Every structure is written in structure tokens, then in C-alpha cells.
Amino acid sequence: MTGLARVGLVASRELSAERRQPDGAVAAVTFVAVLVLLESLVVGPSRARDATVAAALFWIALAFAAIVVAMRSFDRELDDDALDALVVLPGGRDALFGGKVLALAATLGLVALVGGVLSLVLLDLPLALPVHVVLVVVLGVVALAPVVVVDVVLALRLRARAALVPILALPVLVPQLVSATQGAAAALTGDATAALAWSGILLAFALVYGVVGLTIVPAAIE
Amino acid sequence: MRTVEACASLHDATVVIDDRVILRDVSLEIGPGLTVLRGPNGAGKTTLLRALAGLVPLARGRRQATGELLYIGHRPMLLHGLTARENLTFFARFRGTPADGVAGALAAWGLADRADRSVETLSAGERRRASLARLDAEATGLVLLDEPFADLDDAAVSRLGEAIARARGDGRAVIVATHARHELDQDGARRVGIAAGALTTP
């Protein structure tokens with residue numbers, strides 16, 4: 001079996017478990033939806049319709065959602081020492097990172113879809129370049145996932161990991177959040193060149209953190 | 001059952017966890033057949049098995065292992081949210097082996113009618129049996145079992161005894177860490193003792 005097939009198997013297993021126990025995804029969707037609903041109250045209706053403000057709050061909500069989903073995913077692995085069973089399989093350590101990132105990205109894609117539609121409808125946002133918006137959202141999600149998975153793995157055996165993961169992850173996520181916010185705002189307001197440029201930066205982040213994760217996670221997992 | 005001959009060894013292995021030395025300069029070679037690892041609570045049996053499985057880092061010494069291994073620890077090691085069948089199918093497919101033996105393995109362990117229930121809805125004994133069914137579903141050359149008789153009823157204990165005997169017969173290397181079941185010591189099983197993190201003569 002190839003490494004890619006193993007990654008696919010881990011991701012498929014992860015999504016099956018998430019489908020049966022969707023507490024992580026439900027918590028993430030609820031969190032994003034509440035933030036979008038409260039946005040007008042917090043910043044005022046006119047500011048909330050500003051594409052940059054709306055995009056920034058959307059991506060901050062998505063970053064927290066990613067942390068919630070990833071931590072729930074690893075909690076499930078720790079419940080009955082299931083992680084050990086995966087790690088001792090041949091190629092298990094290497095497949096773990098890729099599989100978790102793929103599954104997290106897929107789940108976040110769903111959360112982003114719900115949050116995005118809510119934002120567009122409730123805040124009456126402009127949608128000048130829909131294809132570019134989708135591109136930025138997809139690449140933004142792909143850029144968030146590896147960072148969050150690496151941070152959860154690094155904090156996996158720590159007692160205070162629920163507090164530590166956000167503290168570790170959020171500063172590292174700032175460049176991705178800024179890029180995703182700027183890219184989404186540009187796509188919403190019709191600046192195709194800027195949207196594509198920020199998308200390229202997001203892709204670069206995804207590749208860099210993907211390589212970092214593939215290097216660190218197999219060695220760090222215990 | 002097709003098996004790949006496997007062996008595992010530790011050479012002068014020392015394991016330190018939270019500044020405590022759990023294993024101290026342990027050297028052990030495991031080959032085909034049954035090895036019974038005995039020792040009191042806290043002696044280091046679990047850590048020794050985890051070291052052989054590569055699940056704990058060695059502070060000193062080295063580990064060697066050839067072939068694929070199956071490690072079943074104190075807990076069933078099955079992913080919640082999936083059924084017993086899905087868990088075992090995942091493991092078999094991950095190893096690149098056909099998953100058509102999974103149904104038979106679960107049935108042999110008395111779980112035919114519970115194979116499609118999420119594992120967290122099973123009792124502790126049923127989860128343990130689902131976990132031990134991996135012995136039949138995965139043809140690994142090396143098998144590490146940590147207190148495998150815990151949570152089992154009499155029928156499942158007999159089933160496990162048969163499964164271990166069959167694995168020995170197939171030429172697999174089986175290590176069982178337990179402080180019960182002295183009948184395992186019969187029939188030429190190798191005995192290894194451990195106390196305070198060091199190997200002893202049992």
C-alpha cells in the first residue's frame with residue numbers, strides 16, 4: 001500500500017468517526033454561526049458590512065473552529081489508546097499527519113460553507129468574484145489545517161493542552177489569517193489580482209507547513 | 001494464515017519517563033514462539049512491551065524489529081465512533097492485507113451480532129474481544145499482548161488461549177505480559193521476569 005493510500009485511509013476513518021460523533025464539527029459550526037450573528041451587534045451594522053471586517057471575523061472564527069475540531073479528533077484517538085494502534089502500524093506515523101490534515105480540511109470546508117453563506121446572507125455582503133472567493137476559502141482552509149494539527153500533536157500529552165493549543169497556534173496562524181482576510185476581502189470587492197496574489201501566498205503557507213508537519217509529526221508523536 | 005517471521009530485540013535499553021527510570025539497561029531478544037513476561041505491578045512490563053513496539057523513546061540503548069507487529073495494550077485501542085468491523089477492516093487494509101477475514105475473526109470471538117455497533121457502546125469485555133480478534137485478522141509476525149486476559153469471561157479466556165497456541169504454531173513471536181494464567185508457562189514457553197525495571201530470573 002502506498003503512502004498516499006494510507007493517508008486516504010486515515011482521512012476516511014477520521015471522517016467516518018466525525019460523521020458518527022459530530023460533536024467537533026457541530027461545535028465549530030455553532031461557534032462560527034454565533035460569531036456571524038453577533039457581528040452586527042459587536043461592530044455595528046455598517047462596519048459589519050465592510051468586506052475586510054467581515055472576512056477578518058470569519059477567518060478568526062474558522063481558526064478557532066479548526067482548533068476545536070482538531071482537538072476533538074485527537075481526544076477521540078486518546079479515548080482508548082487508539083492512537084497507539086495507528087502509530088505502530090507500518091507507515092502509521094507518516095500517514096497520521098496527512099490523514100488528519102485532509103480530514104480537518106474537509107470538515108473545515110463544511111464549516112466554512114455554512115459560515116460563508118450565513119455571512120453573505122445576514123450581512124448582505126457583496127460577492128463580486130464568487131470563484132475567487134471559493135479559491136481563497138479553499139486555500140485558506142488548506143493553509144490553516146497543517147498548522148493546527150502540528151500544534152495539537154506537539155501538545156498532545158500535556159495536561160493543559162486545551163489551553164496551550166490556542167496559545168501555541170494562534171500566533172503562528174496570524175500570517176495565514178491576514179492573507180486569507182485580505183484575499184477574501186479582495187475577492188468580495190472585485191479585485192481579482194489581489195485575490196489571486198493572496199491565494200498564492202496561502203498556497204505557499206500550506207506547502208511550507210505541510211512539509212514542516214510531515215517532518216515533525218512522525219518524530220513528535222508518542 | 002500467511003505470516004512473516006519476525007523478531008524484536010532491545011539492547012541495553014533504558015527508558016526514562018517524568019525523570020523516573022522505568023527500564024534500566026534491559027537486553028532482550030524475542031523470536032518465534034511464546035514468551036511470557038511476568039512481574040509485579042509497576043515492575044515495567046508495559047513499558048518493556050511499549051519499548052519493543054517503538055512507542056516509547058529510549059534514553060539509552062537501541063531497539064531492533066523486523067517484520068510487522070501487533071501491539072494490544074491495557075486498553076482495546078479501537079477508535080470510538082467506528083464499529084468493531086470498521087476498526088478491524090481499517091487495520092487490515094492499512095497493512096495491505098485483504099479484509100475478508102474480519103467478519104470471521106469477529107464471529108470467532110462471539111461478536112457477530114455486535115460487529116456493526118460503535119465500539120463505545122460495547123461492554124469492556126466485548127471491546128477487549130473485538131481488539132483480540134485482530135490476532136486472527138492480521139497476520140503479523142510479532143504479537144505483543146499486555147494483560148490480555150483482563151475483562152474476559154471464561155469462554156473468551158479459552159478462546160485467547162487457543163489463539164495464542166495457534167499463533168505459536170504458525171511460527172509467530174508472541175509476548176504476553178501478565179501476572180496471572182500460569183498455565184501459559186507450560187509447553188515450553190520462554191519465561192522472562194522483570195522487577196524494578198530490570199530483567200530477573202523468573
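Every heavy atom of this structure was used, including side-chain atoms; hydrogens, water molecules and symmetry mates were not. Just so it is clear, the model here is predicted, and its values are computed rather than measured. Below, read A as the first sequence line, B as the second, and so on, with proteins coming before strands; counting in each chain starts at 1.
- In terms of modelled atom types and a separation under 3.5 Å, the side chain of B/Arg75 and the main chain of A/Asp79 share a donor-acceptor contact.
- The distance from atom CG of A/Asp80 to atom NE2 of B/His80, rounded to the nearest 0.5 Å, is 3.5 Å.
- Here A/Ser12 contributes atom OG and B/Arg93 contributes atom CZ; the two are 7.0 Å apart, rounded to the nearest 0.5 Å.
- By number of non-hydrogen pairs under 4.5 angstrom with chain B, the leading residue of A/Ala85, A/Ser16, A/Ala95 is A/Ala85.
- For the options A/Val10, A/Leu89, A/Leu86, heavy-atom pairs under 4.5 Å to chain B are most numerous at A/Leu89.
- B/Tyr71 OH to A/Asp81 CG: the interatomic distance, rounded to the nearest 0.5 Å, is 7.5 Å.
- To the nearest 0.5 Å, atoms CD (B/Glu120) and CZ (A/Arg76) are separated by 9.0 Å.
- For the atom pair CG (B/Leu55) and CG (A/Asp84), the distance works out to 4.5 Å, reported to the nearest 0.5 Å.
- For a residue to count as touching a neighbouring chain, one of its non-hydrogen atoms must lie under 4.5 Å from one of that chain's; by this rule B/Leu78 touches chain A with the backbone only.
- The number of heavy atoms from other shown groups lying within 6.0 Å of CZ (B/Arg24) does not exceed 12.
- Within 6.0 Å of CG in B/Asp154 there are 12 or fewer heavy atoms belonging to other residues, nucleotides or ligands.
- Residues B/Leu79 and A/Ala17 share a closest heavy-atom pair of CD2-CB, 3.9 Å.
- Interface residues of residues 19-29 of chain A toward chain B, defined by a heavy-atom distance below 4.5 Å and sorted by number: A/Arg20, A/Gln21.
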Give the table of side-chain donor-acceptor pairs shorter than 3.5 Å for residues 164-182 of chain A, with sequence neighbours excluded, one pair per line with atom names and distance.
| from | atom 1 | to | atom 2 | distance (Å) |
| --- | --- | --- | --- | --- |
| A/Ser179 | OG | A/Pro175 | O | 2.8 |
| A/Thr181 | OG1 | A/Leu177 | O | 2.7 |

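- When each of B/Pro76, B/Ala53, B/Gly96, B/Ser131 is checked for heavy-atom pairs under 4.5 Å with chain A, B/Pro76 comes out on top.
- With values rounded to the nearest 0.5 angstrom, B/Phe91 atom CZ is found 6.0 Å from A/Arg13 atom CZ.
- Other residues, nucleotides and ligands contribute more than 12 heavy atoms inside 6.0 Å of the CZ atom of B/Phe149.
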